[in-house]
Novice: 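I'd like to ask some things about the structure below.
Protein chains get the first letters and strands the later ones, always in sequence-line order, with residue 1 at the start of each.
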Amino acid sequence: MSLIDKTAAELLRHLAAGDVTSEQVTKAYCDRIEAQDSRVQAFLHFDPRRALEQAAAVDAKRRAGHKLGKLAGLPVAVKDVLCTRGERTSCGSKILQDFLPPYDAHVISRLRDEDAVLLGRVNMDEFAMGSSTENSAYAKTRNPWDLERIPGGSSGGSAAAVAASMAPLSIGTDTGGSVRQPAGYCGVVGMKPTYGRVSRYGLVAFASSLDQIGPMAWTVEDAAILLEVLAGHDPRDATCASREVPEYSKTVRTPIEGLKIGIVPEFFGSGLDPQVESAVKSAIDVLKKQGAKIVEVALPRAKYAIATYYIVATAEASSNLARYDGVHYGWRSLEFSDMVDMYSRTRGEGFGAEVKRRIMLGTFVLSAGYRDAYYVKALQVRRLIKEDFDRAFEKVDVIAGPVAPTPAFKLGEKVDDPLAMYLSDIYTVSTNLAGNPGISVPCGFTKSGLPIGLHLQAGSFGEETLLRVGHMLQSHTDWHERRPALQEN
Amino acid sequence: MFSREQVAKVASLARLHLTEEETGRMSHDLGAILEYVDQLNEVDTSGIEPLAHCLPIQNIFREDEVRPSLPVDEALANAPKRSGDFYSVPPILD
Amino acid sequence: MSLPYKILIGLEVHVQLLTETKLFCGCKTKFGAPPNSQTCPVCIGMPGVLPVMNKRAFELALKAALSLNSRIATYTKWDRKNYYYPDLPKAYQISQYDLPFAVGGGVEIETEAGKKHIRLIRVHLEEDAGKNTHSESGGDSLVDLNRAGTPLLEIVSEPDMTEPAEAKAYLETLRTLLLDLDVSDCEMQEGSLRCDANVNVHVTKDGKVYKTPVVEIKNMNSISAVERAISHEAQRQYEAWLQDGRVMGSSPKQTRGWDDIRGITKAQREKEEASDYRYFPEPDLVPVTVDDVLLEKVRKTFRESSAERKLRYQKDYGLSEYNANVLVDKGRAVADYFDELLRLKIDPKSAANWLINDVLAHTVGRIKVISDLAIDPVALSELILMVGSKKLNLNDAREKVLPEMIVSGRSAEVIAKEMGLEVVADTGAIEAIADQVIQDMAKAAADVRAGNMKAIGALVGQVMKRSGGKFPPAMVNEILTRKLQGG
């Protein structure tokens, strides 16, 4: 078994035991990227020399007998939305094509503190707006299971990098499903923690009240290892919880006997692909066999989640993205007649179609005369949606269902129909609206070999429970051990 | 429907230059999306407090302690146009 | 003064709070630093960075609102006010929209016409923008973000003022109050106190009241400019009404800039969607709840007000109203200097006299802190004490020693000795000379003995003359009296 087929947990054990060096591990992934990324196109910025330098430094530290961090020597791929000091942080956008942040995002600092190797920066939908990674200004990332298909989005690069064995771990961000949906489409694990569990400092904002950073990996255990590093208080983010971080990597193995798993009947209604439905139901059966109790719960307002989400998220985005105006950093149009024209042309040229669409929608729903009817109304429905979840989680520990209504679709299939694209997030956006954690765990494949994901949600700070349930599923299935058959050079 | 005039008005508010073609496309797309989100009117929200923050976190402050600022060159390093130690922008009329 | 209209004036005052750092980041707020030297990713509004509220800024804001008798909200939050301008790097200002931390309250003002209560609408806490410098020649404008993110308190009054003089009194009262609280240094020249005025006039004609459209006046850089701008604008509105008869509601609120040199207000370019700020709750900040414990903590930081201090000077130290007013109105540094002299055991009346008649007379320039005064209080106290203990003549001390102390920075004792001004208070030496003089001027001595006290003057004069003026006259008088009258 080659190094790149191992899990992060296995690699960490080998590194700790001295069976292998970080340079060897990092080299193996660099080689894989060089061999496969021309097809998958997951990486936007990848510099093997810098990755190997970091690896060598960790190896030297280990040889010198210094205390090492929890991810010592392990390569991690990072979504291009997380600011990294002195490294091009473009968010998949032309408007930030040359932006070099003079600071590290909190999670980047955490990776450095724990001696991880920053392997490279992966592709995404521009400013994390999209469900297919087709909205990147730089590359169209492919689904490693079928290169004709999209990897999901917006963290498509993060999902594809892990699925193509180009990184053992990656970091994505999730505003409406952007970690979980691509994880489901690419057959890997992806988690969105509770809002406030991970500091957003240095995460380039899309929708500030919804954005969260989450881990992606082949196994739930690996995701737990990474979450343990990412989570925790940061005084630079006022919305970050000060609650202690559990040892997810240990508690992940706790049995699930007696846990109550909620099923929402409407989640299995029309529009759900039958192959997805049967895979999700089989996974729930596996959990039932392990001692979980299955209980029906109702989320009566969940059907309004997409509408609510697209108002709240775009309103915040219209404001968050207003700063890209060609004055203090980023792209400035080359031709303009005056100040206002400079703003408009810079933004008109710098942003892609989907970002413009969302800025327009968000600006409109906040504008005079429409604010109450759209924005305030959406915030009211948001409260009702959250209350539905709160009530459900009084009865059950987790809610299980599909991550997305269909498996990964083809490139170009939905680019001209924004609404159809938005509906691929129908099961995931409500988690963000309620601020709850959610995880996508591989639970099967379609007949044509496309991965299917199980979506598990819990109440506020229920990460431990989600990881336990996900790990239990993986202990009794082998979906996560399959690898896409990528052509070798 | 979301007319081209409405698109133009919102685009000006958002400082977003749109081509003729983009304007037409936007008029169609926003019309469709707004029609979809109109389903929220089915929900009775009378007396419901809007939810802006999910977590019940309150009263987060920092102490009034000085932290180092960026050196001027680092602050201005990403500026598209700089003049001396200032950001430079097209003339602003009063 | 009788105008054919009534003016209605509401003022929007912005004051920068006296914090060490900005509202949402740790950058300094020092005035006059080199351009863009006090900025960081947060106040430059770089992607991904987040604001965290400065605790002291909020407490100073509470302190100001409490002393304005505003009602403090138990729950408050911040909102984004969205608009594009190069000095606003995030393209939104973090401000307060529907739930300001304080509402209501008011200020008592006094003009020649008497006392009046000016009501406040609200007080809120927001961040300042940076500064744009416009080029005269039409070249690029320059942006400095040092000021961006400085904590700003906005105090909005009801349109309760009806005379420009009331606006002036309101600003002066507010300024004194905020200075007393140590909440802001209120320097209009440096922009730490800024004022916009909303003005319109009511004209009564044939029993009907016509209200002209409200105009917001900006760019007023001193309190007197505010007074002049309002007078001019009121008259301009009246004349415009005579011309076009336009009344409130017929057009949107206009903004006009004050041109101090020409003494006129000029229409500013209308921003088409200027009023559409698309406010919404700032998701990066969390709400703040205020309870009695916090309010009590803030109340404990209240200092004596100027009025209270004046009263204390009169009641406790017996100063005249005039002197008490001078000491307090010259600025807190002067009153603090006075208190310092008292702490150095100087008697209140001489402290006040020295400070008002001598120290202030020797002081040039602006007085903001004690060290701005001509002489250090400890050095001055030594001089005053020398006079008090009769080691130095009052006149010599004032005319000769003090000026030399100010110039050279040396101590009173050294200078007095050097100038030979030290008074010798040696009883033995005085008695010896007094005995000689009594002998030499037997006639005068006999007169004194016989009860003619007027004759003692000549004797005192002679003793003083022989001492070279170094004996304290009172002591000489006392010794001679004792010797001749048996004391």
Novice: Let me confirm one number: the CG-SG distance from A:N432 to B:C54, rounded to the nearest 0.5 Å.
Specialist: 9.0 Å

Novice: Side chain, backbone, both or neither: which part of A:Y370 has a heavy atom under 4.5 Å from chain B?
Specialist: side chain

Novice: Over all heavy atoms of both residues, which pair between B:I48 and A:Q380 is shortest? Give the atoms and the distance, please.
Specialist: O-NE2, 2.9 Å

Novice: Does B:R15 reach the side chain of A:D325, with side-chain heavy atoms less than 4.5 Å apart?
Specialist: no

Novice: Among A:S344, A:G435, A:G348, A:P235, which has the most heavy-atom pairs under 4.5 Å with chain B?
Specialist: A:S344

Novice: Where on B:D44 is there a heavy atom nearer than 4.5 Å to chain A: the side chain, the backbone, both, or neither?
Specialist: backbone

Novice: Which answer fits B:S88, side chain, backbone, both or neither, if we ask what part of it has an atom under 4.5 Å from a heavy atom of chain A?
Specialist: backbone

Novice: Taking all non-hydrogen atoms of both residues, which atom of B:A14 and which atom of A:I359 are closest, and how far apart?
Specialist: CB-CG2, 3.8 Å

Novice: Can you list the residues of residues 71-78 of chain B that sit under 4.5 Å from chain A, counting heavy atoms only?
Specialist: B:E74, B:N78

Novice: Select all residues of residues 60-68 of chain B having any heavy atom within less than 4.5 Å of some heavy atom of chain A, and report them by number, or 'none'.
Specialist: B:I60

Novice: Taking all heavy atoms of B:L55 and all of A:G196, pick out the closest pair and write down the distance.
Specialist: CD1-CA, 3.8 Å

Novice: Does a side-chain heavy-atom distance below 4.5 Å link A:R332 with B:V89?
Specialist: yes

Novice: What part of B:R25 gets closer than 4.5 Å to chain A, counting heavy atoms only: side chain, backbone, both or neither?
Specialist: side chain

Novice: Pick whichever of A:E316, A:R357, A:K303 has the most heavy-atom pairs under 4.5 Å with chain B.
Specialist: A:R357

Novice: Does any backbone or side-chain atom of A:L419 lie under 4.5 Å from a heavy atom of chain B? Answer side chain, backbone, both or neither.
Specialist: side chain

Novice: What residue, out of A:S460, A:G362, A:P418, has the most heavy-atom pairs lying under 4.5 Å from chain B?
Specialist: A:P418

Novice: Which heavy atom of A:G330 sits nearest to which heavy atom of B:P80, and what is that distance?
Specialist: O-CG, 3.3 Å

Novice: With a 4.5 angstrom heavy-atom cut-off, is it the side chain or the backbone of A:Y324 that approaches chain B, or both, or neither?
Specialist: neither

Novice: Side chain, backbone, both or neither: which part of A:I311 has an atom under 4.5 Å from a heavy atom of chain B?
Specialist: side chain

Novice: Using non-hydrogen atoms only, which part of A:Y103 is less than 4.5 Å away from chain B: side chain, backbone, both, or neither?
Specialist: neither

Novice: Pick whichever of B:V37, B:T19, B:D29, B:T45 has the most heavy-atom pairs under 4.5 Å with chain A.
Specialist: B:T45

Novice: Who among A:S209, A:S208, A:G326 has the most heavy-atom pairs with chain B under 4.5 Å?
Specialist: A:G326

Novice: A:P102 versus chain B, heavy atoms under 4.5 Å apart: side chain, backbone, both or neither?
Specialist: both

Novice: Quick one: OH on A:Y304 to CG on B:N41, what's the gap to the nearest 0.5 Å?
Specialist: 10.0 Å

Novice: Could you look at A:L433 and say if it's the side chain, the backbone, both or neither that has a heavy atom under 4.5 Å from chain B?
Specialist: backbone

Novice: Between B:F2 and A:F364, does the ring centre distance come in under 6.0 Å?
Specialist: yes

Novice: Which atoms of A:T308 are under 4.5 Å from chain B, going by heavy atoms: the side chain, the backbone, both sets, or neither?
Specialist: both

Novice: Counting only heavy atoms closer than 4.5 Å, note whether B:L16 contacts chain A via side chain, backbone, both or neither.
Specialist: both

Novice: Other residues, nucleotides and ligands only: do more than 12 of their heavy atoms fall within 6.0 Å of CD on A:Q97?
Specialist: yes

Novice: Using non-hydrogen atoms only, which part of A:A322 is less than 4.5 Å away from chain B: side chain, backbone, both, or neither?
Specialist: neither

Novice: Where on A:M342 is there a heavy atom nearer than 4.5 Å to chain B: the side chain, the backbone, both, or neither?
Specialist: side chain

Novice: What part of A:S318 gets within 4.5 angstrom of chain B, counting heavy atoms only: side chain, backbone, both, or neither?
Specialist: neither

Novice: A:R383 and B:P50: which non-hydrogen atoms are nearest, and at how many Å?
Specialist: NH2-O, 3.3 Å

Novice: Who wins among A:Y422, A:Y329, A:Y343 for the most heavy-atom pairs under 4.5 Å with chain B?
Specialist: A:Y329

Novice: Counting heavy-atom pairs closer than 4.5 Å to chain B, which one of A:K386, A:H328, A:M339, A:R345 comes out on top?
Specialist: A:H328

Novice: Please classify the contact of A:D390 with chain B as side chain, backbone, both or neither, using a heavy-atom distance under 4.5 Å.
Specialist: neither

Novice: With a 6.0 Å cut-off (strictly less than), is the heavy-atom count around CD of B:E42, excluding the residue itself, greater than 12?
Specialist: yes

Novice: Report which part of A:Y375 has an atom under 4.5 Å of a heavy atom belonging to chain B: side chain, backbone, both, or neither.
Specialist: neither

Novice: Atom NZ in B:K9, atom CE in A:M360: separation rounded to 0.5 Å?
Specialist: 11.5 Å

Novice: Give the minimum heavy-atom separation between B:P90 and A:F336, together with the two atoms involved.
Specialist: CG-CE1, 3.4 Å

Novice: At what distance, to the nearest 0.5 angstrom, does OG of A:S333 lie from NE2 of B:H17?
Specialist: 9.0 Å

Novice: So for A:A434, is it side chain, backbone, both, or neither that comes closer than 4.5 Å to the heavy atoms of chain B?
Specialist: backbone

Novice: Are the side chain of A:K356 and the backbone N or O of B:M26 linked by a donor-acceptor pair below 3.5 Å?
Specialist: no

Novice: Examine whether an atom of B:L40 lies under 4.5 Å from a heavy atom of chain A, and if so say whether it belongs to the side chain, the backbone or both; otherwise answer neither.
Specialist: both

